[in-house]
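All residue numbers refer to positions in the sequence shown, counting from 1. Reckoned from all heavy atoms, side chains included, excluding hydrogens, waters and symmetry mates.
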Amino acid sequence: MMNRILTINAGSSSLKYSLFDVENDKVIAEGRVEHIGGGDAHVASHASAMRDVLNGLINNSLLNQRELMAIGHRVVHGGEIYSRPVVIDAEVVEAIQRLIPLAPLHNTINLACIEVTRELFPQVPQVAVFDTAFHQTMPEHAYRYALPENCYRDHQVRRYGFHGTSHQYVVKQAALHLDQPPEQLNLITLHLGNGASMAAIKNGVCVDTSMGMTPLEGLMMGSRCGDLDPAVPFYLAQAMNKSNQEINELLNEKSGFMGVCGVYDMREVHRRVEFGDEKAKLALEMFCYRIRKYIGAYCAVLGRVDALIFTAGIGENDVVVRRRCCEGLDAFGIKIDSQLNEDSAVAIQQDNANVKVLVIPTDEAREIFEQTLVCLTPNKQ
């Protein structure tokens, strides 16, 4: 009986997987492979990691052709082509390949994993769940950059947004918590982890998001700089005698927390703050300040905000960041209760606050699972 769906979420140096029992709606196996590729690699490539994962599940009698209903893959970039999950065929593979210039590292990795799973399970439907799809509802005035028309028309330069599976999942969970349909809610979602992004949700759909054509734009992150004067890369390339590739690495891998205080993990930033490290204090203040600016901007975009949602590693667990991100926002109706925040309750706003502030754990594997299931069985929508 085909009653299992495998989800694959491949990152730049990791691969996460979850095996769901559809009938009982539960996870029966999950895991993560770290340090893939690079100098300190435990596994040479994502293709090798994917084979190891599948062979491990098969050898432990958790996976076979007869029981596997589908495999759902997170694919980072779907461009303007895909606004919903799709069953992967030769045309979809070709489209993902064409989009590689917009996400050279991630789409290449996603395709490598898809190739292995299709090879080992050729009869099993494979579904692509695109990170960018949730943000395809943005209006043109929000996703276009103020560049000549041909930059958009011929080269697809526009805002796409990322972390879509996470933003979409927490919107649905917030609607359940607030006991209202998503289409009646205006929300600001904050996916705060090593990668960080925010989204403005109006009547249940995304109308703006902080990441742009690539995940580099927007908030300050673990190793990404976030918003930056566009002239800075040109200036640094000349002043430091750096190539385009070196500047790209500087902005994506050596900036953010890493650039300001020398570490990329927020837990280590806090540890250094406790010991009086001024650079760590600056990094923390920069991070929270930029988030407050985006909250204010999205309040203006939405007009009415029903709830602010914190999710992902920092958003779900960092009491200090949540408090500092909400400081001084009383005029917007955002006021958090210190004790509820310390307790990491689901709702942490004060009783008299106009805007709910929710802490909702994200579950991208479940979102990929649910979107894969809907893609195969549209009547479940």
Side-chain angles (χ1 to χ4, degrees), residues 6-19 30-57 70-79 81-82 85-121 124 126-135 156 160-166 191 193-195 197 211-216 221-224 245 248-249 251-253 264 312 364-365 367-369 371-372:
L6 178 66
T7 67
I8 304 298
N9 186 342
S12 58
S13 62
S14 66
L15 189 153
K16 293 181 283 189
Y17 65 91
S18 297
L19 183 63
E30 60 185 350
R32 181 182 183 115
V33 183
E34 299 276 10
H35 304 294
I36 303 173
D40 61 344
H42 296 169
V43 184
S45 68
H46 282 77
S48 296
M50 191 74 261
R51 288 184 188 279
D52 291 345
V53 166
L54 294 176
N55 287 329
L57 292 170
I71 300 175
H73 298 263
R74 170 185 172 245
V75 178
V76 166
H77 219 304
I81 305 170
Y82 299 110
V86 292
V87 175
I88 298 171
D89 56 17
E91 182 180 341
V92 173
V93 168
E94 183 183 352
I96 296 172
Q97 288 173 332
R98 290 201 309 271
L99 291 165
I100 284 176
L102 296 178
L105 177 62
H106 290 90
N107 271 30
T108 302
I109 288 168
N110 300 148
L111 283 170
C113 293
I114 289 168
E115 183 178 350
V116 171
T117 55
R118 293 179 83 196
E119 176 190 331
L120 293 184
F121 292 96
V124 174
Q126 315 267 328
V127 173
V129 178
F130 296 94
D131 224 18
T132 50
F134 179 65
H135 305 298
Q156 299 82 52
Y160 292 100
F162 300 89
H163 295 142
T165 52
S166 177
H191 177 105
N194 187 45
S197 67
M211 284 181 167
M213 189 180 91
T214 76
L216 183 60
M221 306 175 221
S223 64
R224 298 182 188 128
Q245 180 59 36
N248 186 57
E249 291 175 1
L251 301 181
N252 276 285
E253 300 173 19
Y264 67 86
E364 292 180 275
E367 184 63 27
I368 296 167
F369 160 69
Q371 290 196 38
T372 298

Student: Does E34 come within less than 4.0 Å of K16, counting only side-chain N to carboxylate O?
Tutor: no

Student: Would you name the heavy atoms of A10 and I109 that are closest together and state the gap between them?
Tutor: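 Here A10 and I109 meet closest at CB-CG2, 3.6 Å.
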
Student: Are V127 and V86 side-chain neighbours, meaning at least one heavy-atom pair lies under 4.5 Å?
Tutor: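 No, their side chains stay 4.5 Å or more apart.
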
Student: Is it true that atom CD of E249 has more than 12 heavy atoms of other residues, nucleotides or ligands lying nearer than 6.0 Å?
Tutor: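 It does: E249 CD has more than 12 such atoms within range.
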
Student: Checking side-chain polar atoms at under 3.5 Å, does E253 have a donor or acceptor matched by the opposite partner on S223?
Tutor: no

Student: Starting at OH of Y82, measure out to CD1 of I96 and round the result to the nearest 0.5 Å.
Tutor: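 Going from the OH atom of Y82 to the CD1 atom of I96 covers 6.5 Å.
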
Student: Does M211 reach the side chain of R224, with side-chain heavy atoms less than 4.5 Å apart?
Tutor: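 In contact.
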
Student: Between atom NE2 of H163 and atom OG of S197, what is the distance when rounded to the nearest 0.5 Å?
Tutor: 5.0 Å

Student: Is there a side-chain contact between Y160 and D131 (heavy atoms, below 4.5 Å)?
Tutor: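 Counting from C-beta outward, Y160 and D131 never come under 4.5 Å.
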
Student: Atom CZ of F121 and atom CG of L54: how far apart are they, to the nearest 0.5 Å?
Tutor: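 So the gap between those two atoms works out to 5.5 Å.
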
Student: For a quick check under 3.5 Å, do T132 and H77 share a side-chain donor-acceptor pair by atom type?
Tutor: no

Student: If you count every heavy atom of other residues, nucleotides or ligands that lies below 6.0 Å from Y264 atom OH, does the total exceed 12?
Tutor: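 Result for OH/Y264: open.
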
Student: Assess the residue pair S166 and E367 against the criterion (side-chain contact (heavy atoms from CB on, under 4.5 Å)); give the C-alpha distance rounded to whole Å, side-chain angles, the decisive distance to 0.1 Å, and a yes or no.
Tutor: CA-CA 8 Å; S166 177; E367 184 63 27; over 6 Å; no

Student: Decide yes or no for L216 and L251: does some side-chain heavy atom of the first lie under 4.5 Å from some side-chain heavy atom of the second?
Tutor: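 Heavy-atom side-chain distance check passes, below 4.5 Å.
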
Student: Which heavy atom of L99 sits nearest to which heavy atom of G79, and what is that distance?
Tutor: CD1-N, 3.7 Å

Student: Is the backbone N or O of F162 less than 3.5 Å from a side-chain atom of H135, with the two atoms forming a donor-acceptor pair by type?
Tutor: yes

Student: Considering non-hydrogen atoms only, spot the tightest contact between I81 and A95 and give its length.
Tutor: CD1-CB, 4.1 Å

Student: When rounded to the nearest 0.5 angstrom, what is the spacing between CD in E119 and CZ in R51?
Tutor: 4.0 Å

Student: Could you point out which residue of V75, T117, L111, V93 forms a side-chain contact (heavy atoms from CB on, under 4.5 Å) with I88?
Tutor: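 Looking at V75, T117, L111, V93, the match for I88 under the side-chain contact (heavy atoms from CB on, under 4.5 Å) is V93.
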
Student: Show, in sequence, the C-alpha distance, side-chain angles and deciding distance for I8 and M50, and conclude whether the side-chain contact (heavy atoms from CB on, under 4.5 Å) test is met.
Tutor: CA-CA 9 Å; I8 304 298; M50 191 74 261; 3.3 Å; yes

Student: Determine the minimum heavy-atom distance between L15 and A49, stating which atoms define it.
Tutor: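 Minimum heavy-atom contact is CD1-CB, 4.4 Å.
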
Student: If I compare all heavy atoms of V129 with all of P85, which pair ends up nearest, and what's the gap?
Tutor: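 Reported closest heavy-atom pair: CG2-CB, 4.1 Å.
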
Student: Can you tell if the side chain of N110 reaches within under 4.5 Å of the side chain of V76, non-hydrogen atoms only?
Tutor: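 Side-chain contact under 4.5 Å: yes.
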
Student: Roughly how far apart are F369 CZ and L6 CG, rounded to 0.5 Å?
Tutor: 11.5 Å

Student: Evaluate R74 against Q371 for side-chain contact (heavy atoms from CB on, under 4.5 Å), listing each step before the verdict.
Tutor: CA-CA 10 Å; R74 170 185 172 245; Q371 290 196 38; over 6 Å; no

Student: Which heavy atom of P215 sits nearest a heavy atom of M221, and at what distance?
Tutor: O-CE, 3.1 Å

Student: Measuring from atom CD of E30 to atom CG of N9, what distance do you get when rounded to the nearest 0.5 angstrom?
Tutor: 12.5 Å

Student: Test side-chain contact (heavy atoms from CB on, under 4.5 Å) on V92 and V87; report intermediate values, then the result.
Tutor: CA-CA 8 Å; V92 173; V87 175; over 6 Å; no

Student: Counting C-beta onward and ignoring hydrogens, is there a side-chain heavy-atom pair between H106 and T108 closer than 4.5 Å?
Tutor: no

Student: Does M213 reach the side chain of L102, with side-chain heavy atoms less than 4.5 Å apart?
Tutor: yes

